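Please read these numbers as outputs of a predicted model, since none were measured by experiment. Each chain gets a letter, A, B and so on, in the order its sequence line appears, and its residues count up from 1.
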There are 2 protein chains.
Amino acid sequence: MNKKKITIKDVAKKAGLSITSVSQILNGNTQRFSEKAIKKVYAAQKELNYVPDFFAQRMVTKKSHLIGVLVPDISNPFFAQLFLGIQDILNKQGYVALLYNMEGDEKQESHYVEDLIRRGVDGLIIASSAFSDQSIYQALQRESLPMIVMDQKTETDMVDAVQADNYDGGKQAALYLQELGHKKAAVVLPENPTVNVRKRYEGFASVYGDELLVVNGELSTSGGQGAVKKIINSDITAIFAINDLIAFGLYMGLKEAGKKIPNDYSVVGFDDISPCGYVTPPLTTIAQPTFELGQEAAKMLMGRLNSPQKEPEEKILPVKLVQRFSVMPLK
Amino acid sequence: MNKKKITIKDVAKKAGLSITSVSQILNGNTQRFSEKAIKKVYAAQKELNYVPDFFAQRMVTKKSHLIGVLVPDISNPFFAQLFLGIQDILNKQGYVALLYNMEGDEKQESHYVEDLIRRGVDGLIIASSAFSDQSIYQALQRESLPMIVMDQKTETDMVDAVQADNYDGGKQAALYLQELGHKKAAVVLPENPTVNVRKRYEGFASVYGDELLVVNGELSTSGGQGAVKKIINSDITAIFAINDLIAFGLYMGLKEAGKKIPNDYSVVGFDDISPCGYVTPPLTTIAQPTFELGQEAAKMLMGRLNSPQKEPEEKILPVKLVQRFSVMPLK
DNA sequence: ATAGTATGCTAAAACGTTTTACCAAATTTA
DNA sequence: TAAATTTGGTAAAACGTTTTAGCATACTAT
């Protein structure tokens, strides 16, 4: 039970060198040292099974190799997938992600951010909505913490950003539906949409113009379910669900109402989360490169960490329509 | 741009007291101090907007208030939900979860655990499989780090554990199916099942005995899809998918094969993840109290942190059958 | 031979807390 | 009134690194 922590001092003693030398060599600054010294240090390290104390290290370097990640809902497979992409890159670079789930209380977002700052994260990836909160942005500026915002870039932000081509996605969905003969369409989206969601809508609206029925519903299955009432009271034949969860809600609601997809209504979603494939009928949707989106965000953050002064960058990844069986040509 | 870090020293100076006093008071050890001193310290803190440096604090206290969480696949909504439950409790207590996703390379699990240890986590929640790896266990013992294992408890482990009543779940599924007249059933599960999965199987087998067709398939949709071939070549009428993802795979495979659920085959799943509700037909399944499972694990870990010497505890949460529309009585 | 320059290494400061051990003054007890 | 105790506080050590500044010694060039 005598757990004596092994410190750099022990290694130095065993190697017959100074603490400084051990530190330098172990950190790769080997230029100024002899072969022999280097060998001895590594040998001692191995023998003692020495690993530097994380907190002591961080205290002096001020780098935690910790990245804060904020998502609105990790139980939405889209964000789980996104997180996986982020983690993929981060881990390869020796960084680790601290995941915070906003779940409802997005007002508290600034509270979480404060906490993340306290814990000494080196940077943030914000895939959540309430970034609009100016106070967050200022807190980050104050600490000069780099961050990447996902899908939330407003034109004025001087901040790195990565997003999917939401506008084009909406447009593709609309073009596809129109080509198949659908004259009138509905789109269901939240009342106060975040930027990315609004872009999808705008892309869609750019082709459907006035022949568009807008129905409000939250970004969840119940949001979609709640929207069907208005839809079945209209004369539209196609529905654009602003995300897949809403589309699934429509599935449920429409079934309850005795309507068939795609016979009565064609529906296309957005995201391409995995249930799209095993729902009935499989959902035609606009696929985001979700994993890659996460990777890209992480890469961009790593990039900024290495060169803090470079110009804010913005990356837009393409989306594509994946055709399954929830859409039919209107005869 | 002159970002001078505010330290406890600054607070001490402003309050006209010693560093020691400030530290004590701010940490709630106010007994030995006068009202006046206390007031002054708080005032100074507020005025300077002082917050203790995380790493300096940790370096001396050795507590990170960080909990490592290992899951096999965060994109499975089950684990996302579980994580939410964990986070719910942890955050309320001022702790934070470090989520690691094992995704495939479970051999690397011990590598991740090492990393978690290096980063100074105060404890671990392991919902992953390869805990069998003895070396992990030893590493943790060596550092005397508390951990909770989920769904992986083998009889011999002297470790805190929380799990769902997997055996009973399997049994409930079987009883239900049998009652509806199904004489022969199949169960699909991985070749080398983890403990929890085996328990489900055993519970199911305890009622079906010999009339049981065992088909192997991984814990994913593709695992279920791959299993249908063997199933349609048999004379069984009911299928127990050892988790919901497998069930969804069966949905896809059976459809391809031109079979209908529940008319041709009744299927029941396990977990009750959210897609169960919007798949067609909605999936009858054994519901785990997923969120609560996570909460319970977190609570138990907090408990052990506070009293390291208490006896290892084991908690089993009940599961229940939720009937939807993927099962029919056999006429 | 002498100045200059690599080469190989180290002592000590710094990072910002918590904790330990102790002290002086004021109050109580005998 | 002397001794003991309580009250309100502090100085300094410790935590385990990285980094800065510098120091011999040996080699090179003039």
Side-chain angles (χ1 to χ4, degrees), chain A residues 3-45 48-66 94 117-122 143, chain B residues 3-45 48-66 94 117-122 143:
Chain A
K3 286 272 22 67
K4 205 79 194 120
K5 167 115 193 165
I6 294 163
T7 77
I8 196 173
K9 228 180 234 168
D10 303 315
V11 180
K13 188 176 298 173
K14 171 141 273 168
L17 288 168
S18 73
I19 289 180
T20 309
S21 304
V22 175
S23 174
Q24 295 289 9
I25 290 174
L26 255 25
N27 285 310
N29 297 338
T30 57
Q31 317 94 4
R32 313 189 59 68
F33 293 93
S34 67
E35 276 300 316
K36 225 169 92 179
I38 296 174
K39 284 259 159 61
K40 279 197 293 187
V41 167
Y42 280 123
Q45 178 207 23
L48 295 175
N49 211 332
Y50 166 74
V51 3
D53 180 87
F54 185 74
F55 297 112
Q57 240 172 359
R58 291 328 152 204
M59 168 141 94
V60 17
T61 62
K62 298 298 169 205
K63 301 267 170 263
S64 64
H65 283 209
L66 225 50
I117 293 178
R118 264 199 45 251
R119 296 194 110 90
V121 296
D122 292 343
E143 311 279 337
Chain B
K3 287 272 20 71
K4 206 76 195 124
K5 167 112 192 167
I6 294 164
T7 78
I8 197 174
K9 225 179 236 169
D10 302 315
V11 180
K13 189 177 299 173
K14 171 141 274 166
L17 289 167
S18 73
I19 289 180
T20 309
S21 305
V22 175
S23 175
Q24 295 289 9
I25 291 173
L26 254 25
N27 284 310
N29 297 339
T30 56
Q31 316 94 4
R32 317 190 55 68
F33 293 93
S34 66
E35 277 300 316
K36 225 169 91 178
I38 295 174
K39 282 259 158 63
K40 279 197 293 186
V41 167
Y42 280 122
Q45 177 207 24
L48 295 175
N49 212 331
Y50 166 74
V51 4
D53 181 89
F54 185 74
F55 297 112
Q57 240 171 0
R58 293 327 153 204
M59 165 139 97
V60 17
T61 62
K62 300 296 168 209
K63 300 264 167 268
S64 64
H65 281 210
L66 226 48
I117 293 177
R118 264 201 44 249
R119 295 194 111 89
V121 295
D122 291 343
E143 310 281 339

Return the minimal non-hydrogen interatomic distance between [X] and [Y], and the atom names on each side.
X      : Y      : answer
T30(B) : I38(B) : CB-CD1, 3.7 Å
V11(B) : V41(B) : CG1-O, 4.3 Å
T7(A)  : Y50(A) : C-CE1, 3.6 Å
A44(B) : K14(B) : CB-CG, 3.7 Å

- prompt: How sharply is the helix from dA1(C)-dT30(D) to dA30(C)-dT1(D) bent, taking the axes over five pairs at either end and rounding to 10 degrees?
  reply: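 So the angle between the two local helix axes works out to 40°.
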
query: Cut-off 3.5 Å, side chains only: do S23(A) and T20(A) have a donor facing an acceptor?
result: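 There is no such pair between these side chains.
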
Whole angstrom value for the distance that separates [atom2] of [N] from [atom1] of [X]:
X      : N       : atom1 : atom2 : result
R32(A) : dT10(C) : CZ    : C1'   : 12 Å
I8(A)  : dT10(C) : CD1   : P     : 12 Å
K40(A) : dG8(C)  : NZ    : C1'   : 12 Å

message: Among residues at least two apart in sequence or on other chains, which ones pass side chain to side chain donor-acceptor pair (under 3.5 Å) with S34(B)?
response: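 In terms of side chain to side chain donor-acceptor pair (under 3.5 Å), with neighbours along the sequence ignored, S34(B) is linked to no residue.
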
task: Please name all residues satisfying side chain to side chain donor-acceptor pair (under 3.5 Å) with N29(B), sequence neighbours left out, ordered by chain then number.
output: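 Residues passing side chain to side chain donor-acceptor pair (under 3.5 Å) with N29(B): Q24(B).
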
Close residues, residues 9-22 of chain B, relative to DNA chain D [heavy-atom separation under 4.0 Å]: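 Correct list: L17(B), S18(B), T20(B), S21(B).
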
- prompt: Reckon S23(B) touches a base, only the sugar-phosphate, or nothing at all at heavy-atom distances under 4.0 Å?
  reply: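 Counting heavy atoms under 4.0 Å across all strands, the contact made by S23(B) includes a base.
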
task: Please examine the side chains of Y42(B) and I25(B), heavy atoms only from C-beta on, and report whether any two atoms are closer than 4.5 Å.
output: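 Yes, side chains in contact.
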
Validation row: L66(B), R119(A) side chains within 4.5 angstrom (heavy atoms):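 When only atoms from C-beta onward are counted, R119(A) and L66(B) do touch, with a gap below 4.5 Å.
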
- prompt: Does a side-chain N-to-carboxylate-O contact under 4.0 Å join D53(A) and K5(A)?
  reply: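 Looking at K5(A) together with D53(A), the answer is yes, because their closest N to O distance falls below 4.0 Å.
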
- prompt: Is any NZ, NE, NH1 or NH2 atom of the basic residue among K62(B) and D122(B) found under 4.0 Å from an Asp or Glu carboxylate oxygen of the other?
  reply: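 So K62(B) does not pair with D122(B) through a salt bridge.
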
field: Gap between atom NE2 of H65(A) and atom CZ of F54(A) - 0.5 Å precision
entry: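 So the CZ of F54(A) and the NE2 of H65(A) are separated by 8.0 Å.
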
message: Using a 4.0 Å cut-off on heavy atoms, which residues in residues 48-61 of chain A reach DNA chain C? List them by number, or say none.
response: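 DNA chain C contact set from residues 48-61 of chain A: M59(A), V60(A).
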
task: Look at the rings of F55(A) and F55(B) and say which category their plane angle falls in: under 30° parallel, 30 to 60° tilted, over 60° perpendicular.
output: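 Tilted, since the angle between the ring planes falls between 30° and 60°.
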
query: First and last nucleotide of DNA chain D in contact with chain A, 5' to 3', at under 4.0 Å to a heavy atom: what are they?
result: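 Result: dG16(D) to dT20(D).
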
